[in-house]
Amino acid sequence: SLLLATATAASAQVTLVCTDTFEYPIGSTFHGLPGGTGWSNNWYVDGGGNAAYLTQDNTMTPNFALSDGVGGHAVQQFTWNSAYRQIDLAAHPDLLDTATNMWGRDGAVLWVSYSIEKYAGGTTEGYCGLSLWKAGQSLPEAILLGSGWDLDEWGIDDEGATGRPPEFVAGSNASQAARLVYRIDCLPGDERVQMWIDPATPYPTGGADLDTTIVDLKFNEIRLPAGGNFGDTVIFDDIEIAKGTAAGTVGTNYCAANINSTGATGSIAAIGSAIASANNLRLEASSLPNSSFGFFLTSTSQGAVANPG
C-alpha cells in the first residue's frame, strides 16, 4: 500500500545488488580474486598473464580524478582485452527471468553506475564501457553502456540480436572522466533506458541526458571492455548495480505485501510530482505475475482491506 503525501520519499526504495570498489592489492592483477558484493564468481581478466587490468591508486600514473578513495581502481594495460564478473542471480529472484535464467524480468527496474576515463587513445576507431553480458551464448553482448565504436561520446550500443544503432549524448566527451548512471526499465517487449552523465544524485529522477528504448534485455555477467586502433585504454572504478525506484517517488510505502506466485512480494510506487497542477504522476506496480489482472484502489486515508472488490 502507498500513502500519497506531499513529501518526497528518500532513495531507500533503491537497493544495491552488486558492487565493486576494487579493493585489491595495488599494482597487481585482480584476476581470480573475490571482492565486492553480489557476485557468484571471482574476476576473470584476460590478456597476457591474465594481467590486462591491474589495480592502481593515485600514487601511481595515471591518476584518476573520480577515484572513490576506497581501495584502488582498475587500469587497463593492454588494449582489446577485458575483465568479466558473473552475477549472483539467485540472490534476487524478483529480477530473474525464469525462461532464460538471467536478470531482466519484466517489471524490474535496474540501475547500472560506474566511473570511467579513457586516458589514452584516439577519438575514433575505439570503444569502451561496461557491457551487460550473456555468458554461454553465441552472441553474448546484450548492451554496451559507454562509448560505442568510432564514437568519442557517452551513450549506449544495443548489441541484441536485432540491436539498434548506437545512441550517444551529443557534446559529451569520452576522453574526460565521468560518472555514468543508467536506469533500465524492463518492460514487455522493448526496454526503456535512461542515462545521466555526472548526475547530482546517485539515482536521478528526471532530465536524463539520453532516454531511449532497446530490444528485450537479459544478462548474467558484466564485462569491462576497451579497444581501439590507437591504443585506447581506460580506468574503471566504483561499479554498482541496483534495483528499485528512485528518490523522487511521491508518498511513503507503509506496509508490505505477501509473497505471490512469482516468489517475490509485489510493490507499488508513485513517480513524479505531488502537485496536481503539474499533471505528472504515474503509479507503478512491480514484481507481480505476468499477464494477470490487477487494479489500483485509492483512499483519502490509510488502511488495509482483505480481498478488496
Side-chain angles (χ1 to χ4, degrees), residues 16-22 30 35-39 41 43-46 52-53 55 64 66-68 72-76 79-88 95 102-104 110-119 121 126-135 140-149 151-160 163 166-169 172 174-184 191 193-199 202-203 209-210 212 214 217-228 232-243:
L16 283 172
V17 295
C18 299
T19 67
D20 203 311
T21 55
F22 296 95
F30 48 88
T37 61
W39 311 102
N41 69 348
W43 279 103
Y44 177 84
V45 178
D46 58 19
Y53 283 89
T55 307
F64 185 37
L66 294 183
S67 174
D68 59 15
H73 38 262
V75 179
Q76 187 187 35
T79 192
W80 304 114
N81 287 286
S82 303
Y84 301 81
R85 195 86 189 268
Q86 291 190 2
I87 293 164
D88 184 1
L95 303 178
M102 298 185 188
W103 278 3
L110 287 159
W111 297 83
V112 181
S113 310
Y114 68 100
S115 301
I116 183 171
E117 180 180 2
K118 183 171 68 172
Y119 71 89
Y127 65 93
C128 62
L130 183 151
S131 293
L132 300 182
W133 201 253
K134 297 178 288 186
E141 187 163 47
I143 188 171
L144 173 68
L145 307 173
S147 182
W149 175 256
L151 302 172
D152 197 41
E153 296 169 303
W154 297 121
I156 65 168
D157 192 357
D158 184 2
E159 298 286 359
E167 298 186 55
F168 53 88
V169 179
S172 61
S175 297
Q176 293 181 352
R179 180 72 178 172
L180 304 182
V181 176
Y182 296 83
R183 171 176 166 154
I184 303 171
E191 325 289 37
V193 177
Q194 299 173 78
M195 173 195 174
W196 293 263
I197 303 172
D198 296 320
Y203 308 112
D209 295 303
L210 180 67
T212 189
I214 61 171
L217 175 72
K218 302 292 183 288
F219 67 99
N220 57 10
E221 186 173 47
I222 67 166
R223 173 186 179 233
L224 306 182
D232 297 56
T233 44
V234 298
I235 307 172
F236 293 93
D237 202 4
D238 196 13
I239 296 171
E240 294 184 350
I241 303 177
K243 66 177 183 179

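Note on ring orientation: taking the six-membered ring where Trp is involved, the planes of Trp80 and Tyr127 are tilted (angle from 30° to 60°). Ring planes of Trp111 and Trp196: parallel class, angle under 30° (limits at 30 and 60°). Ring-plane geometry between Phe30 and Trp43 is classed as perpendicular, the angle between the planes exceeding 60 degrees on a 0 to 90 degree scale with a lower cut at 30.
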Problem set entry | Tyr119/Val75 under side chain to side chain contact (heavy atoms under 4.5 Å, CB included): CA gap, chis, key distance, verdict | CA-CA 10 Å; Tyr119 71 89; Val75 179; 3.6 Å; yes
Exercise. Would Ile143 and Glu159 count as a side chain to side chain contact (heavy atoms under 4.5 Å, CB included) if you check the C-alpha gap in whole Å, the side-chain angles of each, and the deciding distance to 0.1 Å?
Worked result: CA-CA 5 Å; Ile143 188 171; Glu159 298 286 359; 5.9 Å; no
For this session: Please step through ring-ring contact (aromatic ring centres under 6.0 Å, His included) for the pair Phe64 and His73, ending with a clear verdict.
Result: CA-CA 8 Å; Phe64 185 37; His73 38 262; 5.5 Å; yes
Problem set entry | Derivation of the side chain to side chain contact (heavy atoms under 4.5 Å, CB included) call for Asn220 and Leu132 | CA-CA 8 Å; Asn220 57 10; Leu132 300 182; over 6 Å; no
For this session: Apply side chain to side chain contact (heavy atoms under 4.5 Å, CB included) to the pair Asp237 and Tyr114, showing each step before the final yes or no.
Result: CA-CA 6 Å; Asp237 202 4; Tyr114 68 100; over 6 Å; no
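Side-chain atoms of Ile116 and Ile235, non-hydrogen and from C-beta on, never get closer than 4.5 Å to each other. Between Pro166 and Trp149 the shortest side-chain heavy-atom distance does not fall below 4.5 Å. Within the 4.5 Å cutoff, the side chain of Asp46 has no heavy atoms near those of the Tyr53 side chain. Proximity of Leu130 to Ile222: side-chain heavy atoms (C-beta onward) are separated by under 4.5 Å at one or more points. Looking at Arg179 and Asp238, their side chains come closer than 4.5 Å, going by heavy atoms from C-beta outward. Annotation: side chain of Arg223 is in contact with side chain of Glu141 (closest heavy-atom distance under 4.5 Å). Two residues are said to be in side-chain contact when any heavy atoms from C-beta on lie closer than 4.5 Å; Leu16 and Thr37 fail this criterion. Looking at heavy atoms from C-beta onward, Arg183 lies out of side-chain contact with Val112 at the 4.5 angstrom threshold.
Interatomic distance, CG of Asp68 versus OG of Ser115, reported as 7.0 Å (0.5 Å rounding). We find the CG-OG distance between Leu180 and Ser113 to be 9.0 Å, quoted to the nearest 0.5 Å. Between atom CH2 of residue Trp103 and atom CG of residue Asp88 there is a gap of 7.5 Å, rounded to the nearest 0.5 Å. To the nearest 0.5 angstrom, Leu95 atom CG is 11.5 Å from Lys218 atom NZ. With values rounded to the nearest 0.5 angstrom, Glu153 atom CD is found 12.0 Å from Asp209 atom CG. Within the model, atoms CG of Leu151 and SG of Cys128 stand 10.0 Å from one another, a figure rounded to the nearest 0.5 Å.
A donor atom on one side chain and an acceptor atom on the other are found under 3.5 Å apart for Thr212 and Glu167.
Listed here is the closest heavy atom pair of Ala177 and Leu66: C-CD1, 3.7 Å. Across Val181 and Pro202, no two heavy atoms sit closer than the pair CG1-O, 3.6 Å. For the residue pair Lys118 and Ala174, the shortest heavy atom distance occurs at CB-O, 3.3 Å. Considering all non-hydrogen atoms of both residues, Ser172 and Trp154 come closest at OG-N, 2.9 Å. The minimum heavy-atom distance between Gly104 and Glu191, with the atom names listed, is O-OE2, 4.3 Å. Gln86 approaches Ala135 most closely through the heavy-atom pair NE2-CB, 3.8 Å.
Not counting sequence neighbours, Thr79 has no partner by the side chain to side chain donor-acceptor pair (under 3.5 Å) test. When the ring-ring contact (aromatic ring centres under 6.0 Å, His included) test is applied to Trp133, the partners found at least two apart in sequence or on another chain are Tyr84. Legend: residues meeting ring-ring contact (aromatic ring centres under 6.0 Å, His included) with Phe168, ordered by chain and number and at least two apart, are absent.
Between Glu221 and Lys134 no salt bridge is recorded (no basic side-chain N to carboxylate O distance below 4.0 Å).
Between Tyr182 and the options Val193, Leu210, Ile241, a side-chain contact (heavy atoms from CB on, under 4.5 Å) holds for only Val193.
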